[in-house]
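As structure tokens, the structure follows; a few thoughts come after it.
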Amino acid sequence: MRLVLFGPPGAGKGTQSLLLKQRFGLDVISTGNLIRAAIREGSPLGKKVEAHVNAGGLVPDDLVRDLANESMAQHKFDRFILDGYPRTTRQAVWLMEFLDAYKSPLEAVISLKVSDDVIVDRLSNRRINKVTGESYHLTYHPPPPDVDPKLIIQRKDDAPESVLARLETYRRETHPAEMFFRQAGLLVGINGEGGVDDIFERVLGSVERFSELQVA
Ligand code: AMP
């Protein structure tokens, strides 16, 4: 099974990917997590991309493509969910060509639809565990009391000025890729608002249509 979770920042791609992982044992390839790890380690790639990420912009296409392709190869081109890749039409074209070349075509692109108000609320209240990457919402899903509060941080790019820049980047660079996937017959639009479990039910309904996975 080869899926993309698509949508603006704060659409719930990470949360829904983890639920799919738990349910089906698929692996999540999150280019955002790979990039943040590179920045944390201070690797040459991390140094190159840090300013783009903190300003709410995109990392250059070819750098992200290499990260994503390497990770898909490690997974033998199957049983993964891409979270946050592709984010431009160019990346989308590359992704389809890459997987086709390995005879493992992409099966579905699940696009989570969320209004701007909900995105701003989710991102400004988002906190993450800097070790596990687990994501929380201060009101709806607060960090559990047994987790060391020092591990719970706000992502730099969740600061208000970055959030607005990221939404703008999404509209300009990422949203057009949706049209490409629609034309390829892969796009499934899902209402991404409401409770996590309700959204997951909708995701499962769409996955069922596209895949051999047994939805219990
Ligand atoms: P995310 O965790 O998916 O919100 O990604 C965090 C940041 O990493 C984004 O705002 C971008 O700066 C960068 N990034 C992640 N994935 C991509 C991608 N596919 N293309 C370009 N930049 C990316």
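Indexing begins at 1, ligand by ligand and atom by atom, following the structure's order.
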Salt bridge check: are Asp116 and Arg171 linked by an N-O gap of less than 4.0 Å?
-> yes
Tell me whether Leu18 is reachable from Ile110 by hopping between hydrophobic residues (I, L, V, M, F, W, Y) whose side-chain heavy atoms are closer than 4.5 Å.
-> yes
Can you label the angle between the Tyr136 ring and the His141 ring as parallel, tilted or perpendicular, going by 30° and 60°?
-> tilted
So which of Thr88, Thr31, Asp83 gets nearest to atom 16 (N) of ligand 1, if we judge by its closest heavy atom?
-> Thr31
Please say whether more than 12 non-hydrogen atoms of neighbouring residues, nucleotides or ligands are located less than 6.0 Å from NZ in Lys113.
-> yes
Could a heavy atom of Gly57 be found less than 4.0 Å from some atom of ligand 1?
-> yes
Looking only at protein heavy atoms, which one is nearest to atom 22 (N) of ligand 1, and how far off is it?
-> Val59 N, 3.0 Å
Residue, atom and distance of the protein heavy atom nearest atom 20 (N) of ligand 1 read Gln91 NE2, 3.0 Å
From Asp61 atom CG to Arg90 atom CZ, the distance as rounded to the nearest 0.5 Å = 4.5 Å
Looking only at distance, does His52 have an N or O less than 3.5 Å from an N or O of ligand 1?
-> no
Consider only side-chain heavy atoms of I, L, V, M, F, W and Y, link residues closer than 4.5 Å, and tell whether Val53 and Ile128 are in one cluster.
-> no
If you measure every N/O of Ser30 against every N/O of ligand 1, is any gap under 3.5 Å?
-> no
Before signing off on this row, confirm whether Asn33 and ligand 1 have an N or O atom pair separated by under 3.5 Å.
-> no
Atom 14 (N) of ligand 1: nearest protein contact (heavy atom, Å) = Ile35 CD1, 3.5 Å
Contact (N/O only, under 3.5 Å) between Leu58 and ligand 1 = no
For Leu95, the option from Leu106, Val109, Asn69 that meets side chain to side chain contact (heavy atoms under 4.5 Å, CB included) | Leu106
Quick one: which ligand 1 atoms are inside 4.0 Å of a heavy atom on Tyr85?
-> 19 (N)
Heavy-atom contacts under 4.0 Å between Val64 and ligand 1: side chain, backbone, both, or neither?
-> side chain
Does Pro86, backbone or side chain, put an N or O under 3.5 Å from an N or O of ligand 1?
-> no
Per atom 9 (C) of ligand 1, closest listed option by heavy atom (Glu173, Arg87, Arg90) | Arg87
Find the distance between CZ (Arg79) and CZ (Phe24) and round it off to the nearest 0.5 Å.
-> 9.5 Å
Does any N or O atom in Arg155 lie less than 3.5 angstrom from one in ligand 1, N or O only?
-> yes
Between the candidates Leu82, Val53, Ile39, which shows the shortest non-hydrogen contact distance to atom 7 (C) of ligand 1?
-> Val53
Option from Asp117, Val118, Asn125, Leu123 for which side chain to side chain contact (heavy atoms under 4.5 Å, CB included) with Asp121 holds = Asn125
Could a heavy atom of Arg36 be found less than 4.0 Å from some atom of ligand 1?
-> yes
Show me the donor-acceptor pairs within less than 3.5 Å that the side chains of residues 159-167 make with the rest of the protein, sequence neighbours left out.
from   : atom 1 : to     : atom 2 : distance (Å)
Ser162 : OG     : Asn54  : O      : 2.8
Arg166 : NH1    : Asp157 : O      : 2.5
Arg166 : NH1    : Asp158 : OD1    : 2.8

